[in-house]
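Have a look at the structure below, then the notes.
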Amino acid sequence: MAAAPAIRTRITSLFGCKYPLVLPGMSWISDPNLVAAVSNAGGVGILATGPLNADETRTAIRTIRSKTDKPFGIGATLLMPGAAENAQVAIDEQVPIVNISLGKGDWIAERVHEYNGKILATVTNAKHAQSAIDSGADALLLTGHEAAAHGGDVTSLVLIPCISKRFPDIPIVGAGGFADGRTLSAAIALGADAVAMGSRFATTKESSLAQRMKEIIANPELNGGSTESDTLYGKNFDGIPARVLKSDESSRLHRKPASLPVVIYRAFQAAQMMNIPLYKVIPGLITQFDKMYMVAQFGAATESLMKATVDGNYDEGVQFIGQSQGLIQDIPSVDELVQRIMLEAIETSSQTFETFSGKALS
């Protein structure tokens, strides 16, 4: 079968990729192997740096470069300890794309632009979008309510056209609800220039997501499988509104947040696990308690996330997943998936054109 032709959008032109598909940075999943696989397949892979210290981030970047000569990026969740140091490593290594979230990244944008790199800012509403643009973002990643992990409270169906209409000059990557060619075609029609498919890329052969979790997510059975309805959304799990796979454990954790002493204790444990010095955590708890308590809750959730994502322990762990899992029914290779998505998107777009041109009924 012939490969799908290159697609030209503002995102593919900006990032220098073949297809308008992005692998977002997902902790313990978006590693060098998966990042390189997505970039080699024509998309853009973004390395998750949340679990990494600066030295590990540098090693990961160089590993990616040993596997691909295509564009890639790294993620920097600026609210989290160690994010600024990881962003500095990306600047030192001149990573082509830096995806910033949960923080003001104007200093990062200034440095990245010095070597002609690009800033992709993750936002969930128009106010955040304006702030990101003012801080130097070259493109926006709009996280809709359907997304895995920390999506906003507005669905992609509304968020994308609202932001694209309000800010027509900035390229947009839609995230949340996208997992096949039909949804890619829909996103382009809504005003996006590309889509991020975290849940879909996580469930591929090259992904390091635990095999058991892949099989649970890709199970299409209505009884015992994972449908679009089998997720939970709330802030009791890690302090930030998040969407996870529905299970007995995630249901229990969503009902009631952990107590303050438990959160702080588990957050310190997580900091030690990720080699983050406690002196970087304690001052924030004292001077910016509300913000750092939220960070502590996120850190306290690390153990549960790793049980599912890394160990495949569905019964005791918690797995971030989007509603698009209802579209995921197999575990293909990245290249096979990308080609399938692009060919389906082209066919869907052609059918849509025929419908509105009147040719479909002629």
Ion pair present between [X] and [Y], side-chain N to carboxylate O less than 4.0 angstrom?
{"X": "Arg10", "Y": "Asp138", "value": "no"}
{"X": "Asp134", "Y": "Lys104", "value": "no"}
{"X": "Arg212", "Y": "Asp315", "value": "yes"}

Next item on the list: Find the distance between CE (Met80) and OG1 (Thr49) and round it off to the nearest 0.5 Å.
Entry: 11.0 Å

For the side chain of [X] and the backbone of [Y], is there at least one donor-acceptor N/O pair under 3.5 Å apart?
{"X": "Asn53", "Y": "Glu85", "answer": "no"}
{"X": "Thr9", "Y": "Asp193", "answer": "yes"}
{"X": "Thr204", "Y": "Pro332", "answer": "no"}
{"X": "Ser207", "Y": "Leu209", "answer": "yes"}
{"X": "Tyr19", "Y": "Val44", "answer": "no"}

Side-chain contact, heavy-atom cut-off 4.5 Å: [X] with [Y]?
{"X": "Glu146", "Y": "Ser324", "value": "no"}
{"X": "Thr124", "Y": "Val154", "value": "no"}
{"X": "Thr143", "Y": "Val123", "value": "no"}
{"X": "Ser226", "Y": "Leu245", "value": "yes"}

Check: Does the side chain to side chain contact (heavy atoms under 4.5 Å, CB included) test come out yes or no for Thr68 and Ile64, once each step is laid out?
Finding: CA-CA 6 Å; Thr68 184; Ile64 293 168; 3.9 Å; yes

